[in-house]
Amino acid sequence: MASLTAGMYPPPLKEAELDGLVQTIKDWSIGNGLAIRPPPAIIPADADPTGIAAINAPVTLFPSRFPRICFDQGKSVQKTYNELYASVSRDEAFVAQIVKEVMDGDDFIRNLWQTHLRVKEEGYTQPLSLGLFRSDYMVHQDASTSPPTLQAKQVEFNTIAASFGGLSCYTSLLHKYLATTEYPLLDQPIASGTLDLPESKAIQGLGAGIEAAYHAYPSCELGHPTCVIFLVQGDERNVFDQRHLEYQMAKSSPTIPLFRLAFADILTHTSVADTPKRQLLYRLPRSPSKVFEVAVIYMRAGYGPGDYPDQRAWDARYQLERSAAIKCPTVLTQLAGTKKVQQVLATPRPSSAPSTLGRFIKDDTPLAGELWKTFTNIYPMDTSEAGLEARKKAVDPEQCQSYVLKPQREGGGNNIYRGAIPEFLKSVPEEHWGSYILMELITPPPVSNLILRNGKVEQGGVICELGIYGTCLWNQSTGDVLHNEEAGYLLRTKGDKSEEGGVAAGYGCMDSCTLV
Ligand code: ADP
Ligand code: MG
Ligand code: MG
């Protein structure tokens, strides 16, 4: 296997070459929608009062070298992961146990669970459930083998609002474009055709998942046309990522009406029909006589406490959950994506005991074995024996250096790293430590690249995180799986001095793979 740092890659650039490459990327990005709305620090609101400004998404100047073996590993286990998480979400008793373990110190999780219980009381009317998932990995180098082996280790599994499928496709296209137009002309050229650039098909893959759910929705009885809703945050900056998915669906399924609805507007523009089926009805704000029956509600919002400032917001989530719309995701599927579930799944049990994984999927198949290999060490922070051990490590100023402490949150910016863990834990009552999990840090082999962010180039060591998308449509009551696909990839890269890697949260940038 070629080394990730073999030769000079990316090649050294003369100043004029760097300027030229940057100009090409700036134009291509806006020309093709590899873009985001600007943060106020870059373009203040009063400089753009009509909200027309868009800027380049942060992106690497070159595709990063990524081990093919890890890329293939992530892709090959995705369908098994889809099945696993569909199965977890169907196991209410298991999810209840997980919730019980974390909710004392976590009102958000408690409220989600309450929403599920409220709907359960009157009974769910929609058995179908849609997951647009993304499993995230970093490369782990196992130095104990000779030669050292590389493995994809899972960072986390996302079951709600997994983003960047749209921008990932355009990033891989940008790098393909540069590989034919720019890189071969550098002083130290990269010859055309020497990079192995897998194209991300996430837009098509995710779109196909939503379309599968739409077509599985039983035909409407109320006489309204059916539609798909993208549930979004009102102040979303990553809007073009979502729009690419909408544009794709408008092309592949032009007859499916598709609308964007802000989370804060759910109760204003939707209602639940007073029928046994409880159809979700959407009244078009610009033309209120037009009413649609919502077949699929795809949530790009509602994943964190920020979207639930008051009881009204929780009532809105409850309204969606009790309706007949196919939810992507349901509350149970959202809860299946918590870090606590990941920890419990990844925790080995005594050899005499059945594995937790075996509760959900056949655990003696080669694919289950492959999936197991993607797990890394994650520990509970509860009062079990393993939890007390983990607590000791977490508060020890030296041992804590190898760990990240995670709450049950999504969207980046929530974790506590290394030396900050002991101090942080002092601020949390000890009876609430069980709401966190402690995860071993994955330290990928060094890779270098250049990042273009807000018009400036940053150069140096970077850390790459691969995301593999998956789509799954299943029947929550019977367990039948109607659609299960691997759905494209994402590569995000951050400077190796930064702990967090979220692009939207401002830490990372978009990238694509050149496989080595
Ligand atoms: P979120 O759901 O907020 O995205 P993640 O678990 O993905 O939470 O953590 C956010 C970021 O923190 C990741 O993108 C990655 O850069 C870093 N990170 C998380 N877990 C690990 C780990 N075990 N090893 C190294 N980095 C990690
Ligand atoms: Mg993440
Ligand atoms: Mg996440």
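This chain uses plain numbering: 1 for the first residue, then up along the sequence. When a ligand or atom number is given, it counts from 1 through the structure's own listing order. Scope of the values below: all heavy atoms of this structure, side chains included, with no hydrogens, waters or symmetry mates.
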Ligand-residue contact atoms, ligand 1 with [X], heavy atoms, under 4.0 Å:
X	answer
R409	2 (O)
K339	1 (P), 2 (O), 6 (O), 8 (O)
M138	15 (C), 16 (O), 25 (C), 26 (N)
E440	22 (C), 23 (N)
M439	23 (N)
G412	1 (P), 3 (O), 4 (O)

Listing request: all salt bridge (charged side-chain N to carboxylate O under 4.0 Å, His left out) pairs with a residue in residues 200-210, at least two apart in sequence or in separate chains.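 Pairs touching residues 200-210 that pass the test: E199-K201.
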
Pairs in or reaching into residues 400-409: which pass salt bridge (charged side-chain N to carboxylate O under 4.0 Å, His left out), with residues at least two apart or in two chains?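 Every pair satisfying salt bridge (charged side-chain N to carboxylate O under 4.0 Å, His left out) with a residue in residues 400-409: D106-R409.
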
Say whether V155, considering both its backbone and side-chain N or O atoms, lies within less than 3.5 Å of an N or O atom on ligand 1.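 No - when backbone and side-chain N and O of V155 are compared with those of ligand 1, no distance drops under 3.5 Å.
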
Compute the shortest N/O to N/O distance between R492 and ligand 1 and return yes if it is under 3.5 Å, no if not.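 In this structure, R492 places no N or O atom under 3.5 Å from an N or O of ligand 1.
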
Angle between ring planes, H116 versus W113, binned at 30° and 60°: parallel, tilted or perpendicular?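 Rings of H116 and W113: tilted, 30 to 60°.
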
Once the angle between the rings of Y308 and W314 is folded into 0 to 90°, is it parallel (under 30°), tilted (30 to 60°) or perpendicular (over 60°)?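 Y308 vs W314 ring planes: parallel.
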
What do you reckon, does K494 put a non-hydrogen atom under 4.0 Å from ligand 1?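 Yes, K494 has heavy atoms under 4.0 Å from ligand 1.
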
Assess D136 for proximity to ligand 1: is some non-hydrogen atom of it under 4.0 Å away?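 Under 4.0 Å: no for D136.
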
Within 45 degrees of the ring normal and closer than 6.0 Å to the centroid, is that where the cationic atom of K75 sits relative to Y489?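 Checked: cation-pi criterion not met.
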
Taking the basic N atoms (NZ, or NE/NH1/NH2) and the acidic carboxylate oxygens, is any pair closer than 4.0 Å for K153 and E440?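 Salt bridge flag = no for E440 with K153.
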
Is it true that the side chains of [X] and [Y] contain a donor and an acceptor less than 3.5 Å apart?
X	Y	result
Q343	K340	yes
D307	Q233	yes
T471	H483	yes

Could you give me a count of protein N/O/S atoms that are under 2.8 Å from the Mg ion (ligand 3)?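 If we list every protein N, O or S atom nearer than 2.8 Å to the Mg ion (ligand 3), we get 4.
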
With sequence neighbours excluded, tell me which residues meet ring-ring contact (aromatic ring centres under 6.0 Å, His included) with F424.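 With neighbours one apart ignored, the set is Y436.
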
Residue portion contacting ligand 1 (non-hydrogen atoms closer than 4.0 Å) for T443: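 No part of T443 is near ligand 1 at this cut-off.
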
Any chance CD of Q311 has more than 12 other-residue heavy atoms, nucleotides or ligands included, within less than 6.0 Å?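 For Q311, atom CD is crowded (more than 12 foreign heavy atoms under 6.0 Å).
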
